[in-house]
Protein chains: 2
Amino acid sequence: MPNQRTLTAEPPREDLAARLLEEAEALVRRDGPDGVALRELARACGSSTMAIYTLYGGKPGLMQALYAIGFARLHAYALEVEEREAPLRWMVRQMLAYRRFALDHTGMYRLMFGGEKRFSPTGRHSQFVSLSVPVEDAYPAFAALVDAVGTCLAHHSNTAPAPAEVQDLAFLVWGQMHGLVGLEIAGYADPDDALPRYQSAVRFICASMGADAAAIDAEIAAAG
Amino acid sequence: MPNQRTLTAEPPREDLAARLLEEAEALVRRDGPDGVALRELARACGSSTMAIYTLYGGKPGLMQALYAIGFARLHAYALEVEEREAPLRWMVRQMLAYRRFALDHTGMYRLMFGGEKRFSPTGRHSQFVSLSVPVEDAYPAFAALVDAVGTCLAHHSNTAPAPAEVQDLAFLVWGQMHGLVGLEIAGYADPDDALPRYQSAVRFICASMGADAAAIDAEIAAAG
DNA sequence: ATCGACTCAATAACGTTGTTATATGAGGTT
DNA sequence: AACCTCATATAACAACGTTATTGAGTCGAT
């Protein structure tokens, strides 16, 4: 019998490594970060668990790859709303997009921010690592947030804010977003109140950056 | 040989149910929420895993009991800083105590807010339940936060704020605290910046409630 | 005082988990 | 053609949560 991987093309079967990751992402979506079982994953891909070991070095390596995918997805959400010529709109939509990502990818979000293990953003199978570089350098998704905060702040204050100030504020914004979304995902938010409360957080933050209240509300309404 | 539980008093051995919970809390502290292994737990308590099943109905029941303990501990942190006659001080210390709890009980915090499973705050072994009551009613720790926010807001605005407004603001405050602390625990915060940034969040929030900036800073400094 | 019913926990087993050792077999090189 | 390399299938191992079975202890009633 010929090599199963190269010849059996009934499902297009492309690269096994990519196929494993796809299926693992589906498992995370269905059962959360702990729902990824190597045997089930291998079965779903028509291979044995050994493939995961040769391709990813084991479960931690696989989860690390998944984790990197999660950040790429988050980054895509951020890129989609970038609008440099309308900083307030950009800021508002950036914040709303963050929540949308978390609700669209609950399992992935918990994998990324559950704190179960800390992964390196760039490592080749290289296990979890404590960050020694600023997060904005490591995760493009956060660079996008810093960018939005910086341009929005510059636009409304008519002066160039200090980089440190921008990073500090961006971190607070990130904390506000992550906190509200995390509570919502964990089940601590009334489903009816979650969105309006998140929107009021957007209002608070944009107003503290000097934006006009009516303009903020208009952007929130427009983002629907 | 007599009953091991009632007679062998070499370690005082008190109630096995309480002993199991103690040891489980220690395991959560050491290895996180997923570090609680029934076999290891039973071994540490000198019993078999069956005791856990008769006393707590299984691992979910045990985790639920642990979860309730976590909220009791958080509530204790909140009670310790209650100062009704100094609302700003109360508010500042409440926020700082929240972070202190999370850093003192990282594993427990992740169990409570990791969103892995949602537990009922009051249930007897009764598994995880979706909340149908406002969280303030279910968790005294959050009632304390609502209380602090309400009195602080009333004190600085010289008028009685609407309960809904208080709850909305308290939720945003909770979200800010949880978000910053969650990012810090998950490893996304520069260890040197985490505290000052949290403090500046405290400043932001208290200022938005009408408190004087210098007074806020004084309280933060006094709280050490 | 003795017997029966009940409770509780220890033992052993089952299925599943991640991981590792062994073996097989195809692909490329000499 | 013989060899080497490398990836994967198979099988086994330890540990996990859970369950069935068994035995010991307690309590109440006769």
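FYI, side chains are in, hydrogens and waters are out, and symmetry mates aren't considered; it's all heavy atoms of this structure. Below, read A as the first sequence line, B as the second, and so on, with proteins coming before strands; counting in each chain starts at 1.
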For residues A:F142 and A:F171, establish whether the separation of their ring centroids is below 6.0 Å. no
Rounded to whole Å, how long is the line connecting atom CE of A:M50 with atom P of C:dT19? 11 Å
Gap between atoms CG and P, on A:L16 and D:dC6 respectively (whole Å): 18 Å
Please say which of A:V173, A:V166, A:L169 ends up in a side-chain contact (heavy atoms from CB on, under 4.5 Å) with A:V146. A:V166
Using atom OH of A:Y56 as one end and atom P of D:dT8 as the other, report the distance to the nearest whole Å. 11 Å
Which nucleotide in D:dG17, C:dA9, D:dT8 has an atom nearest any side-chain atom of B:A37: D:dG17
At under 4.0 Å, does any side-chain N or O of B:Y53 touch on OP1 or OP2 of C:dA9? no
Nearest whole angstrom, please: distance from the P of C:dC14 to the CG of B:L38. 20 Å
Looking only at the aromatic ring of each residue, does the gap between the centers of A:H178 and A:Y109 stay below 6.0 angstrom? yes
Pick from B:H105, B:R93, B:R99: which one makes a side-chain contact (heavy atoms from CB on, under 4.5 Å) with B:Y77? B:H105
Rounded interatomic separation in angstrom, taking CG from A:D34 and C1' from C:dT16: 15 Å
Atom NZ of A:K59 to atom P of C:dG18: distance rounded to whole Å? 4 Å
Proximity to the side chain of B:S47 - top-ranked nucleotide from D:dA9, C:dA10, C:dT17: C:dA10
Please confirm whether the shortest side-chain N or O distance from B:T54 to OP1 or OP2 of C:dA9 is below 4.0 Å. yes
Testing C:dT17, C:dA9, D:dT18 for proximity to the side chain of B:L55, the answer is C:dA9
Of the nucleotides D:dA9, D:dG17, C:dT19, which has the atom closest to the B:R39 side chain? D:dG17
